[in-house]
Amino acid sequence: MLIYWNTFTELIAKPFQDISLVWGIVPLYFALLLNELTSSKANFRTAIQTGFSFLWAGAQWLYAHWTSHGSGSLHNLSWLLPVNLFVTFLVLTLGVLALFSGLRHRFPKYGSFLGHTRFANYFMITIFPMQAHKLTWSWQRLGAIVIFAVPTWLLLHFGLMPFRRRKKD
């Protein structure tokens with residue numbers, strides 16, 4: 001279990017060890033906190049928040065891809081490149097859908113989940129160093145993300161409970 005903890009801390013710390021990643025990761029932390037402090041119900045405001053976070057992360061990952069693979073040299077290509085690009089374009093697509101749904105005040109059929117993705121920022125934060133090409137994708141890193149998802153959610157949920165808006169009865 002210690003190896004997964006070390007891997008998890010590496011995923012969290014890596015973006016802060018490279019100044020070029022800090023400005024990309026900090027807004028995701030703010031969005032995570034903002035999403036945890038707002039309503040847990042899917043609504044159009046949370047869809048706009050989700051859309052912004054997804055678009056921000058996707059843009060950062062595309063920028064990292066262009067700067068690391070922009071030279072066109074074959075030694076920079078990896079067999080994991082399709083994974084990085086698939087995740088990037090999936091996040092960008094979901095971001096556009098969420099933002100568009102929030103602005104239109106209308107979700108597509110079966111698309112209300114776009115306004116109920118409070119914890120998606122956790123996953124974007126933890127995969128950020130891999131998507132930004134500072135760490136490689138691995139089963140150990142993916143396992144650490146999954147193992148610490150519930151404890152992180154519990155910590156955020158109960159730790160931020162005093163700061164959430166309470167319903168007035």
Side-chain angles (χ1 to χ4, degrees), residues 8 11-12 14-16 18-72 76-139 141-142 144-146 148-150 152-153 156-157 160 164-165:
F8 180 72
L11 289 168
I12 299 301
K14 188 65 173 178
F16 296 102
D18 186 343
I19 195 69
S20 68
L21 297 182
V22 171
W23 74 283
I25 195 82
V26 169
L28 293 178
Y29 277 101
F30 282 122
L32 174 65
L33 290 174
L34 181 64
N35 288 343
E36 288 296 322
L37 293 174
T38 58
S39 173
S40 62
K41 294 182 181 181
N43 61 44
F44 302 113
R45 193 168 120 233
T46 57
I48 291 171
Q49 291 171 338
T50 300
F52 172 77
S53 294
F54 277 47
L55 288 173
W56 181 263
Q60 297 304 311
W61 299 338
L62 274 179
Y63 176 76
H65 172 72
W66 281 326
T67 58
S68 68
H69 292 93
S71 65
N76 285 334
L77 296 178
S78 164
W79 67 273
L80 288 171
L81 181 61
V83 173
N84 282 81
L85 291 176
F86 174 76
V87 171
T88 299
F89 287 112
L90 177 66
V91 166
L92 285 170
T93 302
L94 290 173
V96 167
L97 284 171
L99 189 61
F100 189 66
S101 297
L103 293 173
R104 282 186 47 217
H105 291 284
R106 185 172 178 203
F107 291 114
K109 189 175 185 179
Y110 306 113
S112 64
F113 72 92
L114 295 169
H116 192 57
T117 52
R118 291 173 65 190
F119 201 61
N121 283 314
Y122 163 79
F123 293 104
M124 288 188 294
I125 288 167
T126 54
I127 68 171
F128 197 90
M130 295 180 293
Q131 285 295 109
H133 305 283
K134 299 301 178 183
L135 296 173
T136 58
W137 280 89
S138 72
W139 289 111
R141 290 186 177 115
L142 192 58
I145 292 168
V146 171
F148 289 102
V150 172
T152 302
W153 176 78
L156 288 170
H157 180 74
L160 296 174
R164 284 192 192 96
R165 293 185 215 163

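- Here the side chains of T136 and R141 are in contact, with some heavy-atom distance below 4.5 Å.
- Shown here are the side-chain hydrogen bond (donor to acceptor under 3.5 Å, both in side chains) partners of S20, two or more places apart in sequence or in another chain: D18.
- Partners of F16 by side-chain contact (heavy atoms from CB on, under 4.5 Å), not counting sequence neighbours, listed by chain and number: V22, I25, V26, Y29.
- Separation of atoms CZ (F30) and CG (N35) is listed at 13.5 Å; rounding is to 0.5 Å.
- Rounded to the nearest 0.5 Å, atoms OG1 (T46) and CG (L34) are 10.5 Å apart.
- The CG atom of L94 sits 10.0 Å away from the CG atom of L55 when rounded to the nearest 0.5 Å.
- Applying the side-chain hydrogen bond (donor to acceptor under 3.5 Å, both in side chains) definition to pairs two or more places apart or across chains, those involving residues 122-131 are N84-Q131, T88-Q131, Q131-W137.
- Evaluation of the side-chain contact (heavy atoms from CB on, under 4.5 Å) rule for I48 yields L99, L103 as partners, not counting sequence neighbours.
- Inter-residue side-chain proximity for W61 and L85 is flagged as unmet; no heavy-atom pair is nearer than 4.5 Å.
- Counting non-hydrogen atoms of other residues, nucleotides and ligands closer than 6.0 Å to CZ of R106 gives a total of 12 or fewer.
- Classification of the F44-F107 ring pair by plane angle, with boundaries at 30° and 60°, yields parallel.
- Remark: the backbone N or O of L28 is not paired with any side-chain donor or acceptor of W56 at under 3.5 angstrom.
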query = Which is it for K14 and F128 under the side-chain contact (heavy atoms from CB on, under 4.5 Å) test, yes or no, and what are the steps along the way?
reply = CA-CA 9 Å; K14 188 65 173 178; F128 197 90; over 6 Å; no

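- Minimum interatomic distance between M124 and A57 (heavy atoms only, all atoms of both residues): SD-CB, 3.6 Å.
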request  = Walk me through it: do L33 and N121 pass the test side-chain contact (heavy atoms from CB on, under 4.5 Å)?
outcome  = CA-CA 9 Å; L33 290 174; N121 283 314; over 6 Å; no

Test side-chain contact (heavy atoms from CB on, under 4.5 Å) applied to L11 and I145, step by step = CA-CA 9 Å; L11 289 168; I145 292 168; 3.6 Å; yes

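- Considering every non-hydrogen atom in both P15 and L21, the closest pair reads O-CB, 3.5 Å.
- Applying the side-chain contact (heavy atoms from CB on, under 4.5 Å) criterion to T50, with sequence neighbours excluded, gives F54, A98, T117.
- What you find for I127 and V87 is that their closest heavy atoms are CD1-CG1, 3.8 Å.
- Taking 4.5 Å as the limit, some side-chain heavy atom of W139 sits within range of a side-chain heavy atom of L142.
- Sequence neighbours left out, not one pair with a member in residues 122-133 passes salt bridge (Lys or Arg N to Asp or Glu O under 4.0 Å).
- Considering only heavy atoms from C-beta on, L156 comes within 4.5 Å of L32 through its side chain.
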